[in-house]
Amino acid sequence: MSIVVFTEKNKAASQIASILSGGHFNRASVESIPVYDFKMNGKEWRIMGLAGHIMGYDFPEQFNNWRECDPAVLLDTPPVKNVTKKPYAAAISLLASGAEEVVLACDFDREGENIGFEAKEIAERVASLPVKRARFSSLSSSEIKKAFSNLVEPDYNMAMSAEARQILDLKMGAAFTRFMTLSIRERARTKGVISIGPCQTPTCGFVYEREKLIKNFKPKDFWKIEALFNSKGADFTGVHRAGNIHEKEKADEIFARIKDCKVGLVDKKSVKEARTNPPYPLNTTEFLKRASKFLGVSPEEALETAEQLYLSGFTSYPRTETNKYADDFDFKSKLIGFSSGIYQKYALIILSSGDINCRNGTKDGHDHPPIHPIKAASKDDIEKSVRMPNAWKVYDLVVRHFLANLMEPALFEKTRLEILVGGEIFDVTGSILTNPGWLDVYPFETKNDKLLPLIEEKDEVDVKELKNTKSETTPPKRLTEAELLTLMDKHGIGTKATAPSHIETNKKRGYFETKGKTISILDTGFTLMDTLDATVPILVQPEIRARIESLIQDVEDGNKSLDAALSEGTMLIKQMYSQLTSSKDAIAARMAGTIVDEQVATDKKNFVGTCPECGRMLHMIKTEKGRFVGCTGYPECKNTYPLPKAGALTVLRSQQCEKGGVAVMKVGNKYNWAVGIGPCFTCDMEKKCFPPEIVGPCPVCDGSMFLIVTKDSRFLGCTNRCGHTQSVPKSGRLTILDRLCEHCGWHILRVKEQKQDAMEFCANRKCPGR
DNA sequence: GCAAGGTC
């Protein structure tokens, strides 16, 4: 008989086995899941890691067909819990049948308690056993040993609070999503799903609120009086003390008084040292924000990359709330690892400074240490083991952040001058980085020096220029992904591990998109939020998550039973649901509008022309077997035309086929195809449809020079094939303009190279004007 | 096909 321990993940299982056994354990495999065996105090121990939740809720089978079930029914249907990871359940049963006691050792949080209860439930199906709980806040040796010598009872309330979350989230998500999707499909043909959820919807809500601010923004005029000074040959600028002046008269009045002044007097000077402290250690949220802000890597990708770096042993566990190191954290051995290679300089600075001081934050989730490097690696090492495009950039950020955290503050010397011009005060500031400290290793945050000439109080300076400029206040900027993460974190939307996936869901649904680092809301997302805001405003706001959160907190605290929380939560969802359904028509009409627009946009690409048989529209049809043009009147009209098998097709709407083809299409970059006729290069109308692009008269015969483009070159040739040729630029996009050269009468060529301005010149290399 | 939460 053995003592069986279940942890939340494999990594924790092996770590705990190693600590409790002093490193003497065997790795076995049960149902191909790793199990760590050892003996302690004469007892047999077996530790297995789960993989997060191994059970999940869903509605019973008969509620699975969306069309056959009123979504409202879901609110009164209790979901059922099923095993979602069969091998783990089988392994638990096997271990439990040979056990005398079970110890739950998952993470010490709500979900961890719940995952433990999943194992408990499966274990109790095969054997009646005492089940205990080991509570630890980190995987350090002392904590683990303490937890296992002070086992406690599993916390039923805590586990049930997570149960309440799962059931309420599912009920709400499924009912609302099905209702929305089905209502819209009554009006618009779409396969898309319009989803709503207690995390994804308020996440989109943040983007929507910002969009509204931008849309409703009214710019205001303001004036600013600036001076350009010069002293000892160096220019520098100052701003009038009034700053942004919102009344034109006031700005004009000040400016009129001083506009002819030529000299300023330095009235006051102060020099102060300023410091910028190194950043706190990285927890998940901070890491994701910085990866987005500094590297332009999306939160989803950043978390996945960090996961891969962790699995390959380069960096620590990426999901942590903690931004402070434990007192006994071993910085020194990590730093020694970096004392060669590209981080050498910084590691040595820290090691040689005597005491190693980290700048700790204040958050302690009692889970894992802040994200830090585990071992030193080169770019090659990383790229060989981790197949993610930004693996090296992410690793480099983690290492640099780790080192920066241990370095000295950056020191600046800030100089402020007050310069009097005609009795008016102008403020001048300068800043010099005197000691870069941590900024040296952290190139992501740049601080530019703003240099001032050496000036003392009572000096006179030249006034080179005075300006009174009008500006407008600018609207707020669109949110960046980093800012969105901050908002989600602040309002408790999602967890450290799920926040990126809520952003991703919104992108997948077509609610918003990212362009670089900024997020723009799309039509569907804006309309959905706007209609929800008008009918069930609580849904668009973080409040919805807070309401459910407070219910489950009551369960955790023992102030409410699971059943009470579920019925209260269901009531809340029902209230919102009835608000939503009461404006079904208005919502569906507006939403269908945005969906129909999308449909038309994609259809437009597929529309080919008018069917000569029945007058309806012809469209392109793609099947597994191939593609062809068919009539939208099918099955009444069975008219079809073949299309070439390969090449991208574009309908050339401005071209008409002279031989009666229903449309002309461009096939790749190669040739044209007349629908109903065939390829244009076999047609006797070819010369008429595609006359050569004449650029000028041939200088040697009576023919004309025209552009000839072959697979690997392009040049000018003569229509009479007289043998005269001229060259044209080999690269860049070439256009023959209608404009003629004033010197020789040839056409002007326009050449546009990527990332360069277009150039225009005469096509004739022998032009007298060239 | 629907949510959010774990982790592989």
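This one's a predicted model, so the numbers in the text were calculated from it and none came from an experiment.
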Using a cut-off of 4.0 Å on non-hydrogen atoms, how would the nucleic acid contact of Y57(A) be classed: base, sugar-phosphate, or nothing? base
Quick note, S195(A) side chain, CB onward, closest among dC8(B), dC2(B), dA4(B) is dC2(B)
Q. Would you say the side chains of T514(A) and E481(A) form a donor-acceptor pair under 3.5 Å?
A. no
T181(A) has its side chain closest, among dC2(B), dG1(B), dC8(B), to dG1(B)
Of the listed dC8(B), dG5(B), dC2(B), the closest approach to the K9(A) side chain comes from dC8(B)
Checklist line | Donor-acceptor pair present, N10(A) side chain and dC8(B) base, under 3.5 Å | finding: no
E307(A) has its side chain closest, among dC8(B), dG1(B), dA3(B), to dC8(B)
F512(A) six-ring face occupied by K507(A) cation (under 6.0 Å, within 45°): no
Considering every strand and a 4.0 Å limit on heavy-atom distances, what is the contact class for L50(A): base, sugar-phosphate, or nothing? nothing
| request: Using a heavy-atom cut-off of under 4.0 Å over every strand shown, decide if Q200(A) touches base, sugar-phosphate, or nothing. | output: sugar-phosphate
* Asked: When the aromatic ring centroids of Y208(A) and F526(A) are compared, is their separation below 6.0 Å?
  -> yes
Quick note, ring pair (Phe, Tyr, Trp, His ring centres under 6.0 Å) partners involving residues 166-195 of chain A, not counting sequence neighbours, are F176(A)-Y577(A), F179(A)-Y577(A)
Out of dG1(B), dG5(B), dC2(B), minimum distance to the side chain of E111(A) belongs to dG5(B)
Picking from dC8(B), dG5(B), dA3(B), the nucleotide nearest the side-chain atoms of D169(A) would be dA3(B)
Whichever of N65(A) and Q308(A) has the more 5' nearest nucleotide on DNA chain B, that residue is N65(A)
Looking only at dG5(B), dC2(B), dT7(B), the nucleotide nearest the C199(A) side chain is dG5(B)
Of R509(A) and H53(A), the one whose nearest nucleotide on DNA chain B sits closer to the 5' end is R509(A)
Closest of dG5(B), dA3(B), dC2(B) to the T495(A) side chain is dG5(B)
Indicate, with a heavy-atom threshold strictly under 4.0 Å, whether P71(A) touches base, sugar-phosphate, or nothing. nothing
Of the listed dG1(B), dA3(B), dC8(B), the closest approach to the A51(A) side chain comes from dC8(B)
Minimal heavy-atom distance between I92(A) and A123(A), with the atoms involved, is CG2-N, 3.9 Å
Against the side chain of A497(A), the closest entry in dA4(B), dT7(B), dC2(B) is dT7(B)
